Amino acid sequence: MGLGISQSSDDMLTQLGVTPVINAGGPNTKHSGSRPLPEVIDAMEAMAPIFVQMDEWLIAAGQEIARLVGAPAATITSGASGGLVVQAAAAISRGDAEVIERLPITDGAPNELIIQKNQRFPYDRLYLTPGARFVEVGDENGCTADEVEAAITDRTAGIIDLEAGPENPCDVPLTTLADVAHARDLPVLCDAASKLPPRSNLTRYLEEGADLVSFSGGKGMRGPQSTGMLLGRPEWVEYARLCNAPNATVARGLKVSKEEIAGLVAAVRKFVTVDEVAETAEYLRLMHELVEQVGEVPGVDSSVQRGEPYYVPHAVFRFNQSWAGPDNGEIGRRLMEGRPRIYLRHVHPSGRELSVDPLSIQPGEHEQVAKRLREELLLAAREN
Ligand SMILES: *Cc1c(COP(=O)(O)O)cnc(C)c1O
């Protein structure tokens, strides 16, 4: 302030030469996630001048989150990613202080995590952070419960279950996986980071037998972008907490601030009270309006889609056979280079689909998104 620098974020971005982005692509970390709810910002601000003993605060906040979502126990992690790290650390150490202290050196402790080959995903390496290694089972086409069972040895620490995208008939169902794991006294470690909403998923995976389940706090829940919540059976949640920051463990770098913890609790409080039917209806209305505003474009089939893989209604723009223009990635790049800068989902593997996720679009931005998308699509439709 002595330098005459304003506190306003707009001013700060201008001074630093960073152009903000309209986020029409959903809560994607590289595009700075979701907009924290006003309740979340208020809770973080209220927490700023207060000091606490962090273990007490983490335990109390975890208990409150567990109560709110109806889970046996909960703790707070640095994103769902941090949750995966402490899930694995919990499975390896099972609360043994000497093992926790040694990680990522696992000498003598079981450190193998069984993972289905067709469930491999870019973030799964987080599970390896505390010194785990993967034992892959099945192939690209699927896996059987027998293959999982045959891979269990006395070096096995746990079994991973990825809940992402559509239900996959090739996966071993979670209930079966849990039966196999529990028969050998092993935990099922579940990554369900992006599976909220629906709110019913808050307890679904636990009911199906997962011992630990990670969700992102900064995606559909609109808590602080850096938070995650780890739900599960009380003993496993406690093992995970012992492996987590602020303790001097392998996860010490994954700390969550007292303010962010308050923000996550506020986000969960709000999330569980929102009427999901009304929320979905409003998203549907906004996305239909956007599709109408974009209007007809030669070679593009526009629709509003709801259901897997889009639980939250999306406006989807698909290039049909008469489209001779550039692929979705190029259109996405052009929208990011334009003014205003607009990010929308342009990573569909077919190369032929763009979609708009309503979660992070702010009031008043829908028209700008529709206008720019229409301009770029009409221009691109004339190229070949
Ligand atoms: C988003 C995501 C993560 C990472 O979650 P963060 O909260 O951003 O750390 C992990 N796994 C899956 C499947 C995800 O979709």
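We number each residue from 1, following the sequence as shown. Fair warning: this is a prediction, and the values are worked out from it, not measured in the lab. Counting convention: from 1, in listed order, for ligands and their atoms alike.
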Enquirer: Taking only Lys NZ, Arg NE, NH1 and NH2, and the carboxylate oxygens of Asp or Glu, determine whether K117 and E147 approach each other closer than 4.0 Å.
Expert: no

Enquirer: Check salt bridge (charged side-chain N to carboxylate O under 4.0 Å, His left out) between E375 and all other residues, then give those that pass, not counting sequence neighbours.
Expert: K371, R372

Enquirer: What residues sit with at least one heavy atom under 4.0 Å from ligand 1?
Expert: T29, G79, A80, S81, F121, Y123, L162, D191, A193, S194, S216, K219

Enquirer: So, do P187 and R94 sit near enough that their side-chain heavy atoms are less than 4.5 Å apart?
Expert: yes

Enquirer: Just to verify, what does F317 make a ring pair (Phe, Tyr, Trp, His ring centres under 6.0 Å) with, not counting sequence neighbours?
Expert: none

Enquirer: Do the side chains of R333 and E330 get close enough for a salt bridge, i.e. N-O under 4.0 angstrom?
Expert: yes

Enquirer: Going by the rule ring pair (Phe, Tyr, Trp, His ring centres under 6.0 Å), which residues pair with W323 if we only count those two or more places apart in sequence or in a different chain?
Expert: F319

